[in-house]
Structure formats: structure tokens, C-alpha cells
Undergrad: 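Have a look at the structure that comes next, please.
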Amino acid sequence: MITSVIRTQVASFLGDPDQTRFSGAAYLSAINRAQEQLALDTKALWKDKSWTHAASDADEDLPTDFMWEDWVTYGGLKLIPISRYELLQLSGDDWTDDGAALPTHFLIDPEQAVKEIVLYPIPTEAKTLVMRYFPLPTELTADGDTPLNSSSLMAQFHIGLAAYAAWLMLLSEELTPAIILKRRELAPIYADAVTKAVDTMKNTASAGLKFKGKAIWS
């Protein structure tokens, strides 16, 4: 479904067929937050990024839509994720000047001013660096846009986007018994879409589905 069709479904869930109860901007914002949440909960969207990595270079800029990594290889060899603290324990001194033919580990520096993937030890041989990662979906701005990076495979889960968007929009209203009941009706629709996406896409089949606390579904 394109954005305009999803918005119509959101309005139907809200009992707002004329779309006058909420602004158009509110509808669009809720749909965008819903597609981001679905991407987070399912890990169903992924991309591969490769760099021609130069010798004696420690890092590369992360993609602008990066959320978190799945796996990383250098010259075809899988690298092990590591933290700065673990690096200090591993190297015992200033790890930023350690070098080797090929790296064995990587760390993600998500700081806003940095946003880099860092290799350890710093490779002395130029190879191809490859990362599979889970992206933040492209922001929807027009009625003709298709959510979840225009993936046709994800269209079957758009009903979950509409349910979650409606669930979010009801947060702006007084929590009357009717509103609370409606939100409780919407939550399973979204949860069902997430479960089906996980089962279908298989990217998190071994991890299991987790929601961050029951309170958000009240």
C-alpha cells in the first residue's frame, strides 16, 4: 500500500473517515514512526555496504541510514564485534596504533559526530570491507511513497503499520475507557504483523520476538 492508502486505513481504525480529527501531518508522522518501529522489531529490512578499504586506514563512515550491524567481513573473513573497553583489555595499551596484515575485530562508534566503523588491528593490507546492516526506513513525505523502503515483500505487513500508527495517535487524546479499549484492540494487529514478518523474513528466527514491556500496550 502507498502512504495515502495506509492513511485511509489508519483513519478507519480511528473512526475518522473524513480525516478531520487529526492533521495530515499527524497522520504522516505516525505512519513514519510505525514503519521505524516495525523495522526495529522485525529486522526484516537489511542492506549490504562495501568499501574498498585502504591499507593503514582505521575506519570508514557508517551509512546515513545505519541502525545497527548484522555482520562484517574484511577480505572475506568475518570480523568479531568488540567494545572499546574490551579492546583496552585485549591490547593492554594504546590500541589505536596496533597494526596487522588483516584485522580481527571491529567496533561501531555511533556518536553523532563520528558515526564510524573502526577496524582492529589497523589493517596493513588493502581489502574489501563488507557490512550487512539494518537500515532506518526512508522517511515518507508524499502520498505516493511506499513504506519500508518500497519493499514489495513487506506490503503484506502494512496493516500492522496502520494499526500501530493509530495506536500512537490515540496517545494524544484523553485516555477514556473507549480510547483504552481501542488501543488494546489495535496492539494485537501490530503484534501479529511483527510475528508474521519475523517468521516470513527469517532474519530473527533464532532470536525470538520481544516487546519492551507490557505497559506500552495498555
Undergrad: Checking Thr8 side chain against Ser4 main chain: does a donor-acceptor pair fall under 3.5 Å?
TA: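 Here the side-chain-to-backbone pair exists.
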
Undergrad: Quick one: closest heavy-atom pair of Ile82 and Leu107, and the distance?
TA: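 Distance-wise, the nearest heavy atoms are O-CB, 3.0 Å.
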
Undergrad: Is it true that Lys115 and Glu60 have a side-chain N and a carboxylate O under 4.0 angstrom from each other?
TA: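 Not counted as a salt bridge, because no side-chain N and carboxylate O are separated by less than 4.0 Å.
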
Undergrad: Cluster question for you: counting only ILVMFWY and a side-chain heavy-atom cut-off of under 4.5 Å, with indirect links fine, are Leu14 and Ile189 together?
TA: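 Yes, one cluster joins them.
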
Undergrad: Please report the C-alpha distance between Asp98 and Tyr120 in whole Å, then the side-chain angles of each, then the deciding distance to 0.1 Å, and finally whether the side-chain hydrogen bond (donor to acceptor under 3.5 Å, both in side chains) criterion is met.
TA: CA-CA 7 Å; Asp98 294 348; Tyr120 176 84; 2.8 Å; yes

Undergrad: Looking at Met67 and Pro135, what are the two nearest heavy atoms and their distance?
TA: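 In terms of heavy atoms, the two residues are closest at CE-O, 3.1 Å.
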
Undergrad: Which heavy atom in Ala193 sits nearest to a heavy atom in Gly160, and how many Å separate them?
TA: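 For Ala193 and Gly160, the tightest heavy-atom pair comes out as CB-CA, 3.6 Å.
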
Undergrad: Hey, quick one: are Val118 and Val130 part of the same hydrophobic cluster, counting side-chain heavy atoms closer than 4.5 Å, chains of contacts allowed?
TA: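 Each belongs to a different hydrophobic cluster.
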
Undergrad: Donor-acceptor check, side chain of Thr128 to backbone of Gly75, threshold 3.5 angstrom: yes or no?
TA: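 No; judged by distance alone, with no hydrogens or angles, the pair does not exist.
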
Undergrad: How long is the span from the CZ atom in Phe157 to the OG1 atom in Thr195, to the nearest 0.5 Å?
TA: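 Going from the CZ atom of Phe157 to the OG1 atom of Thr195 covers 10.5 Å.
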
Undergrad: If I compare all heavy atoms of Ala39 with all of Pro137, which pair ends up nearest, and what's the gap?
TA: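 Shortest heavy-atom contact: CB-CG, 3.7 Å.
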
Undergrad: For the backbone of Leu140 and the side chain of Asn32, can you confirm whether one donor and one acceptor N or O come within less than 3.5 Å of each other?
TA: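 Yes.
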
Undergrad: Are the side chain of Gln35 and the backbone N or O of Leu148 linked by a donor-acceptor pair below 3.5 Å?
TA: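 The answer is yes, because a donor-acceptor pair under 3.5 Å joins these two groups.
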
Undergrad: Mind running side chain to side chain contact (heavy atoms under 4.5 Å, CB included) on Thr146 and His158 for me, showing each step along the way?
TA: CA-CA 10 Å; Thr146 302; His158 286 180; 4.1 Å; yes

Undergrad: Spell out, as yes or no, whether a donor-acceptor pair under 3.5 Å connects the side chain of Thr200 to the backbone of Lys196.
TA: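 Flag set: sc Thr200 to bb Lys196 pair under 3.5 Å.
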
Undergrad: Ring-plane angle category for Tyr74 and His53, please: parallel below 30°, perpendicular beyond 60°, tilted otherwise.
TA: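 The rings of Tyr74 and His53 stand perpendicular, inter-plane angle above 60°.
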
Undergrad: Before you tell me yes or no, could you show the steps for Leu45 and Met154 under side chain to side chain contact (heavy atoms under 4.5 Å, CB included), namely the whole-Å CA-CA distance, both residues' side-chain angles and the distance that decides it to 0.1 Å?
TA: CA-CA 9 Å; Leu45 293 181; Met154 298 295 289; 4.1 Å; yes

Undergrad: So how far is it from Glu69 CD to Leu79 CG, rounded to the nearest 0.5 Å?
TA: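 If we round to the nearest 0.5 Å, Glu69:CD and Leu79:CG are 11.0 Å apart.
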
Undergrad: Does Ile117 belong to the same Ile/Leu/Val/Met/Phe/Trp/Tyr cluster as Ile80, with side-chain heavy atoms less than 4.5 Å apart forming each link?
TA: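 No, no single cluster joins them.
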
Undergrad: What distance do Leu77 atom CG and Thr104 atom OG1 have between them, rounded to the nearest 0.5 Å?
TA: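 It comes to 10.5 Å.
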
Undergrad: Side chains of Ile108 and Glu116, heavy atoms from C-beta outward: is any pair under 4.5 Å?
TA: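 Result no, sub-4.5 Å side-chain heavy-atom pair not found.
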
Undergrad: Would you confirm whether Gln156, through its side chain, and Leu153, through its main-chain N or O, come within 3.5 Å as a donor-acceptor pair?
TA: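 Such a contact is found between Gln156 side chain and Leu153 backbone.
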
Undergrad: Tell me yes or no: between the side chains of Tyr133 and Asp65, is some donor less than 3.5 Å from an acceptor?
TA: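 Indeed, the side chains of Tyr133 and Asp65 share at least one donor-acceptor pair under 3.5 Å.
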
Undergrad: Where is the tightest heavy-atom contact between Leu168 and Arg33, given as atom of each residue plus distance?
TA: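 For Leu168 versus Arg33, the nearest heavy atoms are CD1-CB, 3.7 Å.
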
Undergrad: Is a side-chain donor or acceptor of Ser29 paired with a backbone partner of Ala26 at a separation under 3.5 angstrom?
TA: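 Answer holds: no.
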
Undergrad: Which distance, rounded to the nearest 0.5 Å, do you find between the CD1 of Ile122 and the CG of Leu102?
TA: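 Taking CD1 in Ile122 and CG in Leu102, the distance rounds to 14.0 Å.
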
Undergrad: Between atom CD of Glu173 and atom CG of Leu171, what is the distance when rounded to the nearest 0.5 Å?
TA: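 With rounding to 0.5 Å, CD (Glu173) is 10.0 Å from CG (Leu171).
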
Undergrad: Is there a donor-acceptor pair closer than 3.5 Å between any side-chain N or O of Asp70 and the backbone N or O of Arg132?
TA: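 Not confirmed, Asp70 side chain does not pair with Arg132 backbone.
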
Undergrad: Under 3.5 Å, is there a donor-acceptor pair linking the side chains of Thr138 and Asn149?
TA: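 Short answer, yes.
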
Undergrad: Please report the interatomic distance CD1(Ile31) to OH(Tyr164), rounded to the nearest 0.5 Å.
TA: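 So the CD1 of Ile31 and the OH of Tyr164 are separated by 14.0 Å.
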
Undergrad: Verify, without hydrogens or angle tests, whether Thr42 (side chain) and Leu38 (backbone) share a donor-acceptor contact under 3.5 angstrom.
TA: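 Present.
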
Undergrad: Working note: Val194 + Tyr190, criterion side chain to side chain contact (heavy atoms under 4.5 Å, CB included); need CA distance, chi angles, decisive distance, verdict.
TA: CA-CA 6 Å; Val194 169; Tyr190 173 72; 3.4 Å; yes

Undergrad: Could you go step by step and tell me if Trp51 and Met131 meet the side chain to side chain contact (heavy atoms under 4.5 Å, CB included) rule?
TA: CA-CA 9 Å; Trp51 298 265; Met131 176 178 67; 3.7 Å; yes

Undergrad: Any idea how Tyr27 and Phe22 line up, ring-wise: parallel (<30°), tilted (30 to 60°), or perpendicular (>60°)?
TA: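 Geometry flag for Phe22 against Tyr27: perpendicular rings.
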
Undergrad: Could you report the tightest heavy-atom contact between Leu161 and Pro147, atom names first, then the distance?
TA: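 So the minimum-distance heavy-atom pair works out to CD1-CB, 3.6 Å.
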
Undergrad: Answer yes or no: is there a donor N or O on one side and an acceptor on the other, between the side chain of Gln37 and the main chain of Ala34, under 3.5 Å?
TA: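 Judged by distance alone, no pair lies under 3.5 Å.
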
Undergrad: Spell out, yes or no, whether Trp68 and Trp71 are grouped together once hydrophobic residues are joined by side-chain heavy atoms under 4.5 Å, including indirect joins.
TA: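 As far as the 4.5 Å side-chain criterion goes, Trp71 and Trp68 are not connected within one cluster.
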
